[in-house]
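Sequence lines set the chain letters: A, B, ... in the order given, protein chains first and strands last, and positions in each chain run from 1.
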There are 2 protein chains.
Amino acid sequence: MQTEEQLRDFILNGQLYYIPHVSLDCAIFGYHEQQLKLLLIKHKAIKDWCLPGGYIKRTETLVQAANRNVKERTGIDNLFLQQFKTFGDPDRAKTSQFDEDKWFETVGIRIDKTNWLIDQTISVGFYAITDFSRTEPQSDVLAVQCAWFDIDSLPKLDFDHDEMVKEALHTMRVQLYHYPIGYNLLPEKFTLSEIHALYETLLGKKLDISNFPKKLIALGLLKKLDEKRSIGAHRSPHLYMFDKEKYDEALKEGLVLS
Amino acid sequence: MQTEEQLRDFILNGQLYYIPHVSLDCAIFGYHEQQLKLLLIKHKAIKDWCLPGGYIKRTETLVQAANRNVKERTGIDNLFLQQFKTFGDPDRAKTSQFDEDKWFETVGIRIDKTNWLIDQTISVGFYAITDFSRTEPQSDVLAVQCAWFDIDSLPKLDFDHDEMVKEALHTMRVQLYHYPIGYNLLPEKFTLSEIHALYETLLGKKLDISNFPKKLIALGLLKKLDEKRSIGAHRSPHLYMFDKEKYDEALKEGLVLS
DNA sequence: GAAATAGTGTCTGTTAGACATTATGCC
DNA sequence: GGCATAATGTCTAACAGACACTATTTC
């Protein structure tokens, strides 16, 4: 939604293209060089930062809608994307506090409490993981800011988004043991140290460097290459890459790490 | 919903009390004496059997709504209840095939395609487990039949409910290893054979009888009683019961079985 | 005492995780 | 050669699972 024209149509007629009362919110985790970040947006008419989210077109599946949202914000497609929980507490959005005048002042289009955007909404939560260094957070007419925040210093979020982040992080960490991860998050060829750091950062805890890759190698997910990389001082580590076939199989079938 | 009066109000004005476009469906599993069943309903205006489901009141949480639905159908409250997935494919309910005349003929109240019940709906899936011998499946004005079906001989279900059952069963079986189960499904005092049979039936696979209880006893979930029960021929087994405190703690914190 | 079942004990192969050692390349 | 790091190897304790054995009760 980049033009005033589109915005007006969305606000006034959106219920024709989108399913009202249902939204989705995406916890988009970003990894790069041992940093874990979360993508947040600042909505024009909402006080605090929020998870990026949106509505579901009447013609698309939930996953397609989530994918579309993630792409709109990050420019990246086909990330690892998982539905984690649906939120529907009646007090999650405080629609009763909706201030018509403030909305008009900030957005420039007058709506009242019967507008489809204002009525009670349940929200389907998805999480995704990407390499934040390859993204360019996209703001738009309503989401006037969009930026990466370090996972350890998030601002207070609006609505029930604090709880969503907590649940998303928890689900992501549990699922790290059941799905392969790393494709698109690491360079095509990477060292064991790099994938080790990725897992440590996402899990938020230490992993024994010597035991860590055993399982991944035993499962055949990692292929050792003949190349090495010179990384400055001392020994140059071997490079590895994913066996894409086994990786995709593990994505579909699931796996068990430790 | 037991009277025509209530039904008429629900159909014509329901969107005032319920959130439109959002429903929930419950896969209610029933266990008793090595049998695993699923509760299904037959809706007056729908061809095939369905999962029991309903709408979410504007004043209640999703879990409360699911609990209410489960209680309406089984008479039982506070079951083990888990949200497992939300379904929103645009073709999940084929609202385009809605037949006004057939609806009027069967339900007796005329509605058109603008009615809140007909428009596109996403559905939040929950599953629950109960002892089917303690329930009396409740039908009502719309759900004219309500009955337990053996899990291995389910009829073809309407909408996307076949997929829902598959997902619910899968989630239930995964979660059996992460939550305690058995309370309200077994007599207050039970033998190891009984709880062993419960797990085998729910998981749909054999478990070694001698290894099975080790972990549960090691975790302190099972308390051995001094009583025995005479069950006819041969040796009388010891009785066990759950340590409710540890059980509730495990419910909250989760546990790991094998 | 025979038969059937309940419950416990033992053994083994596997594995997670701690830690040690070796290999390698840069200075 | 010395040093820092990469990578592999070894060891141990725990454990799942297979199976055998003992205990107990009824007939």
Whole-Å gap separating P (dG7(C)) and CZ (Phe190(B)) = 12 Å
query = Using 4.0 Å as the upper bound for N to carboxylate O, is an ion pair formed by Lys244(B) and Asp248(B)?
reply = yes
request  = For Asp208(A) and dT8(D), give me the distance from atom CG to atom C1', rounded to whole Å.
outcome  = 12 Å
task = Write down the distance between NE2 (His196(A)) and C1' (dA6(D)), rounded to a whole number of angstrom.
result = 13 Å
N or O in side chain of Ser236(B) less than 4.0 angstrom from dA6(C) OP1/OP2 = no
ask   = Of the non-hydrogen atoms in Lys85(A) and Glu163(A), which two are nearest, and what is the gap between them?
value = NZ-OE2, 4.2 Å
key: Separation of dG17(D) P from Glu200(B) CD (nearest whole Å)   = 13 Å
inquiry  = Applying a 4.0 Å non-hydrogen cut-off, can you work out what Lys224(B) is touching in the nucleic acid: base, sugar-phosphate, or nothing?
reply    = sugar-phosphate
ask   = Going by the angle between their ring planes, with limits at 30° and 60°, are Phe190(B) and Phe242(B) parallel, tilted or perpendicular?
value = tilted
Near-strand residues of residues 209-223 of chain B, defined as heavy-atom separation under 4.0 angstrom from DNA chain C = Ser210(B), Lys214(B)
message = Expressed as a whole number of angstroms, how long is the span from Leu257(B):CG to dC15(D):C1'?
response = 13 Å
ask   = Is the shortest heavy-atom distance from the side chain of Met164(A) to the side chain of Ser123(A) under 4.5 Å?
value = yes
inquiry  = Can you tell me if Ser193(B) touches the phosphate of dT5(C), counting only side-chain N or O atoms and a distance under 4.0 Å to OP1 or OP2?
reply    = no
request  = Figure out the CG/C1' separation between Leu192(B) and dT24(D), and round it to whole Å.
outcome  = 15 Å
request  = Find the distance Glu194(A):CD to dA7(D):P and express it as a whole number of Å.
outcome  = 10 Å
request  = Give me the one residue out of Thr191(B), Ile217(B), Leu221(B) that meets side-chain contact (heavy atoms from CB on, under 4.5 Å) with Tyr240(B).
outcome  = Ile217(B)
ask   = With a 4.5 Å limit on heavy-atom distance, are the side chains of Asp25(B) and Phe87(B) in contact?
value = no
task = Using a 4.5 Å cut-off on heavy atoms from C-beta on, say whether the side chain of Leu38(B) contacts that of Leu51(B).
result = yes
remark   = Rounded to whole Å, CG of Leu203(B) lies from P of dG17(D) at a distance of 12 Å
Given dT8(C), dA16(C), dA6(D), the nucleotide with the shortest approach to the side chain of Pro237(A) = dA6(D)
